[in-house]
Amino acid sequence: MALKFFNTLTRQNEEFKPIKDGEVGMYTCGPTVYAQAHIGNFRAYMFEDLLRRYLKYKGNKVTQVMNLTDIDDKTIRDSNARGIPLDEHTKQFKEMFFRDLDLLNIERAEHYPEATTHIPEMVDMVKILLEKGHGYKSGDSVYFKIASFPEYGKLSHMKLDELKTGARIDSDEYEKDTASDFALWKGWTPEDGQVYWETELGKGRPGWHIECSAMSMKYLGESFDIHTGGIDNMFPHHENEIAQAEGATGKKFVNYWLHCAHLIVEGQKMSKSLGNTYTIQDLQEKGLNLSAVRYLLLATHYRMQLNFTFEAAKAATNAITRLRDFKDSLANTEGDGSNPDIAAAINKAKEKFESSLDDDLNISPAFAAVFDFVKDVNVAREKQQLSKVDAEAVETTLKGFDSVLGIIYVDEGGSLDSEIEELIEKRIQARKDKDFAEADRIRDQLDSMGIILEDGPSGTRWKRKL
RNA sequence: GGCGGCUUAGCCAAGUGGUAAGGCAGAGGUCUGCAAAACCUCUAUUCUCCGGUUCGAAUCCGGAAGCCGCCUCCA
């Protein structure tokens with residue numbers, strides 16, 4: 001079955017065909033580094049992580065570019081308020097962003113271009129747009145003339161004359177021909193303080209939209225395969241990106257546009273007044289396991305609104321525990337031969353896992369395939385001991401699934417310290433001596449330290465609580 | 001006002017014409033010193049509501065209600 005994506009451009013499921021066979025270029029709108037990213041932001045980055053991981057699973061070489069917007073009204077405002085340079089102000093948020101990506105086991109993109117280090121590319125592009133009649137100067141700024149790009153609106157299916165623009169015209173400080181025209185270059189104003197670039201376009205700073213057009217094309221070429229972002233970015237941001245890029249090159253900018261729906265918390269949209277714009281640190285402090293958070297962010301189809309609840313987080317923790325227990329159970333197997341049911345289970349699971357994700361990253365049946373797989377292997381194991389060969393085949397399959405999911409083979413533990421090891425040894429001895437009161441006491445003590453013991457036929461296993 | 005989305009069990013969530021996946025939670029059982037884990041069995045006559053089309057609809061059409069997003073550099 002072929003990989004298909006729902007393309008916002010056509011509003012249809014389309015078979016995915018990269019420009020160059022086996023290689024995929026994708027641009028993903030990244031964070032504005034004016035604050036610590038919240039769980040809603042990470043929903044989008046998680047979707048993009050799933051996308052890139054599955055493309056790789058299918059054998060593609062992926063080049064992902066994610067921008068870091070380190071200049072905009074808010075970053076300028078806040079850095080001026082703190083009285084420190086812009087780059088110093090944004091540095092800490094960039095660091096937090098990458099730390100959170102690691103905590104959520106989100107793979108790194110190939111490039112993270114920063115807006116402030118790509119000013120020349122943006123200036124060049126604005127110059128081309130001016131030459132081609134898509135831009136015009138007004139005061140110290142440069143604007144994109146939407147009327148010069150008849151296809152404007154093809155992504156969002158919005159018609160300009162239908163937009164509510166009234167309130168905006170009055171409040172706008174700049175001079176524009178048409179209210180919906182947007183800034184390519186913003187002339188310096190006193191509020192910008194020390195933040196400006198002296199360029200051929202004058203003293204000022206780039207508009208937001210030109211950033212993504214210029215940087216995506218620098219790293220991925222004038223036409224590339226996939227562009228993603230949150231649904232809120234569809235209009236006007238992505239619409240503007242198309243107008244700029246296609247206005248400048250005359251070529252199709254992006255073949256597949258994928259948009260991710262938003263996340264709500266406990267049935268309510270995130271807002272400062274509700275205090276539910278959680279960061280990753282907030283969730284950690286509330287005691288949530290971050291693999292469970294990853295599972296939750298992953299487990300709802302990306303085009304559906306995701307309801308993040310703490311009850312679901314608890315459920316996710318238990319689900320992950322089950323998968324990891326299964327993984328651990330594969331370690332101690334012996335014996336020769338092979339169980340034919342195992343090969344059948346592997347084929348069935350792979351087929352369902354892949355056909356589901358092929359269908360516009362339909363994650364739910366893919367997870368169902370993994371859980372069915374666990375069950376099938378366990379049933380087969382009840383009938384006949386798992387041989388070494390079987391266990392290895394199961395493990396290889398599970399690792400393949402987890403290369404996409406990233407929740408099973410995650411090292412969160414660290415090794416046991418000697419105190420815990422000693423307690424486990426003591427308890428084993430107590431059980432041998434039939435001193436069950438003492439054994440139970442030690443088990444409770446370890447439990448309070450976050451260590452769970454499981455006594456099986458082959459001895460006692462331990463694991464950490466999630 | 002324009003454009004778009006959603007409504008499936010206690011919770012999360014698949015399913016887009018053939019008779020309700022999966023996870024969590026819950027109940028009973030096997031196993032175990034007791035637990036835990038694992039395994040087995042059970043848990044939506046029903047898919048927001050009302051009409052219609054069809055041999056057959058959660059799925060298609062019409063209508064209603066509720067919730068939500070974009071149209072303001074908010075993923």
Side-chain angles (χ1 to χ4, degrees), chain A residues 8 11 28-32 34 37-48 69 71-74 153 156-165 167-168 171-172 180 182-183 207-209 211 228-237 239-240 259-264 267-271 277 295-296 299-301 303-323 325-326 328-329 352 356 362-372 374-375 378-379 381-383 431 434-437 439-440 443-444 447 452-457 460-461 463:
Chain A
T8 307
R11 308 284 159 115
T28 53
C29 280
T32 301
Y34 71 99
H38 54 66
I39 181 96
N41 301 115
F42 283 107
R43 201 262 163 119
Y45 308 140
M46 192 64 78
F47 145 62
E48 288 148 3
T69 298
I71 172 169
D72 78 323
D73 292 345
K74 280 179 285 232
S156 59
H157 294 202
M158 305 253 260
K159 295 190 177 74
L160 279 179
D161 51 11
E162 288 168 353
L163 303 181
K164 256 190 181 174
T165 52
R168 194 157 157 67
S171 65
D172 207 294
S180 49
F182 56 92
W208 177 44
H209 310 295
E211 175 193 323
T228 74
I231 185 117
D232 55 295
N233 276 156
M234 190 167 80
F235 187 91
H237 183 52
E239 200 72 70
N240 293 352
H259 288 97
C260 173
H262 278 190
L263 169 152
I264 59 175
Q268 293 180 297
K269 65 175 171 178
M270 290 190 301
S271 72
T277 51
Y295 178 100
L296 280 187
T300 298
H301 184 86
R303 284 192 288 112
M304 292 292 174
Q305 187 176 67
L306 187 161
N307 185 15
F308 186 94
T309 69
F310 287 89
E311 189 182 341
K314 174 74 181 123
T317 308
N318 292 339
I320 289 172
T321 300
R322 174 146 176 247
L323 293 176
D325 283 341
F326 176 73
D328 291 341
S329 78
K352 183 169 177 180
S356 301
N362 194 357
I363 189 80
S364 295
F367 265 118
V370 175
F371 283 104
D372 285 343
V374 170
K375 186 168 186 173
N378 280 329
V379 170
R381 182 154 56 184
E382 287 287 303
K383 286 193 280 183
R431 289 185 75 218
K434 304 276 185 207
D435 184 356
F436 296 120
D440 290 351
R443 185 167 65 197
D444 289 345
D447 184 80
I452 297 170
L453 297 179
E454 293 172 4
D455 302 323
T460 297
R461 291 196 303 135
K463 68 183 180 189

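Base pairing of B:G17: no nucleotide in any strand meets the Watson-Crick or G-U wobble criterion (both distances under 3.5 Å). With a cut-off of 3.5 Å on both Watson-Crick or G-U wobble distances, the partner of B:U54 is given as none. Across all strands shown, B:C11 forms a Watson-Crick or G-U wobble pair, both distances under 3.5 Å, with B:G23. With a 3.5 Å ceiling on both atom-pair distances, the Watson-Crick or G-U wobble partner of B:C3 is B:G69. Across all strands shown, nothing is found opposite B:U46 as a Watson-Crick or G-U wobble partner with both distances under 3.5 Å. Remark: B:C39 base-pairs with B:G29; criterion is Watson-Crick or G-U wobble with both hydrogen-bond distances under 3.5 Å.
With no hydrogens or angles considered, no side-chain donor-acceptor pair links A:T277 and A:H38 at under 3.5 Å. Inspection of the A:T300 and A:R43 side chains reveals no N or O donor paired with an N or O acceptor under 3.5 Å. A donor atom on one side chain and an acceptor atom on the other are found under 3.5 Å apart for A:T69 and A:E211.
Summary of the strand contacts: A:T32 and A:N318 both lie near RNA chain B, and taking for each the nucleotide with the nearest heavy atom, the more 5' one is attributed to A:N318. Each of A:S156 and A:D232 has a nearest nucleotide on RNA chain B; the 5'-most of these lies closest to A:S156.
Residue A:P236 places its side chain closer to B:C71 than to any other of B:A75, B:G69, B:C71. Comparing B:C68, B:A21, B:A13 by their closest approach to the side chain of A:K352 singles out B:A21. Residue A:F235 places its side chain closer to B:C70 than to any other of B:G22, B:C70, B:G10. Each of B:G69, B:C24, B:A75 was ranked by its minimum atom distance to the side chain of A:H38; first place goes to B:A75. When distances run from any side-chain atom of A:K269 to the nucleotides B:C70, B:A75, B:C68, the shortest one goes to B:C68. You'll find that the side chain of A:R11 is closest to B:G4, out of B:A25, B:G23, B:G4. Comparing B:A21, B:G23, B:G69 by their closest approach to the side chain of A:S364 singles out B:A21.
Ring geometry for A:H209 against A:F182 counts as perpendicular: the plane angle is over 60°, on a 0 to 90° scale with 30° as the lower cut. Note on ring orientation: taking the six-membered ring where Trp is involved, the planes of A:Y295 and A:F371 are perpendicular (angle over 60°, cut-offs 30° and 60°).
The nearest whole Å value for the distance from the CZ atom in A:F308 to the P atom in B:C24 is 18 Å. The CG atom of A:L296 sits 12 Å away from the C1' atom of B:C11 (whole-angstrom rounding). For the pair A:M304 CE and B:C67 C1', the computed distance is 15 Å after rounding to whole Å. The distance between atom CE of A:M158 and atom P of B:G69, rounded to the nearest whole Å, is 15 Å. Rounded to whole Å, atom C1' of B:C70 lies 14 Å from atom CG of A:N240. The interatomic distance linking A:Y295 (OH) with B:C11 (C1') rounds to 13 Å, in whole Å. One can place CZ of A:F367 at 13 Å from C1' of B:C24, the figure rounded to the nearest angstrom. With rounding to whole Å, A:Q305 atom CD is found 17 Å from B:A75 atom P.
The residue A:G229 sits close only to the backbone: its heavy atoms come under 4.0 Å of sugar-phosphate atoms, none of a base. Nucleic acid contact for A:M234: none, since no nucleic acid atom lies under 4.0 Å from a heavy atom of the residue. Backbone-only contact: A:N233 has heavy atoms under 4.0 Å from sugar-phosphate atoms and none from a base. Within the 4.0 angstrom heavy-atom criterion, base atoms lie near A:L263. Using a 4.0 Å heavy-atom distance criterion, A:D73 is classed as making no nucleic acid contact. Looking at heavy-atom distances under 4.0 Å, A:A368 makes contact with a base.
The side chain of A:N362 places an N or O atom within less than 4.0 Å of a non-bridging phosphate oxygen (OP1 or OP2) of B:G15. The phosphate of B:C12 (OP1 or OP2) has a side-chain N or O of A:N307 nearer than 4.0 angstrom. Residue A:T300 places at least one side-chain N or O closer than 4.0 Å to OP1 or OP2 of B:A13.
Salt bridge status for A:R431 with A:D455: present, with a side-chain N to carboxylate O gap under 4.0 Å. A:K463 and A:D325 are joined by a salt bridge, as a carboxylate oxygen and a charged side-chain nitrogen come within less than 4.0 angstrom of each other.
Judged purely by atom type and a 3.5 angstrom limit, A:R322 has no side-chain atom pairing as donor or acceptor with the backbone of A:A319. No donor-acceptor distance shorter than 3.5 angstrom exists from the side chain of A:N233 to the backbone of A:G229, with no hydrogens or angles considered.
Taking atom C1' on both B:C24 and B:U32, the two are 25 Å apart, rounded to the nearest angstrom. If you take atom P in B:G10 and the same atom in B:U72, they sit 42 Å apart, rounded to whole Å. Between B:C3 and B:A9, the distance separating the two C1' atoms is 34 Å to the nearest Å. With both ends at atom P, the span from B:A58 to B:U19 equals 11 Å, rounded to whole Å. For the C1' atoms, the distance linking B:A75 with B:U54 amounts to 43 Å, nearest Å. Look at the P atom in both B:C42 and B:C60: the space between them is 31 Å, to the nearest Å. For the C1' atoms, the distance linking B:A13 with B:G23 amounts to 8 Å, nearest Å. Rounded to whole Å, the separation between the P atoms of B:U53 and B:U59 comes to 15 Å.
Note that CE of A:M270 and CZ of A:F308 are 10.5 Å apart. Values are rounded to the nearest 0.5 Å.
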For this session: For each nucleotide in nucleotides 30-42 of chain B, reading 5' to 3', give B when a protein heavy atom comes within less than 4.0 Å of its base, S when such contact involves only the sugar-phosphate, and - otherwise.
Result: ---BBBBSSSS--

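By the stacking rule of 5.5 Å between ring centres and under 30° between planes, A:H301 does not stack on the base of B:A14.
When the shell of 6.0 Å around NZ of A:K314 is examined, it contains 12 or fewer heavy atoms from other residues, nucleotides or ligands.
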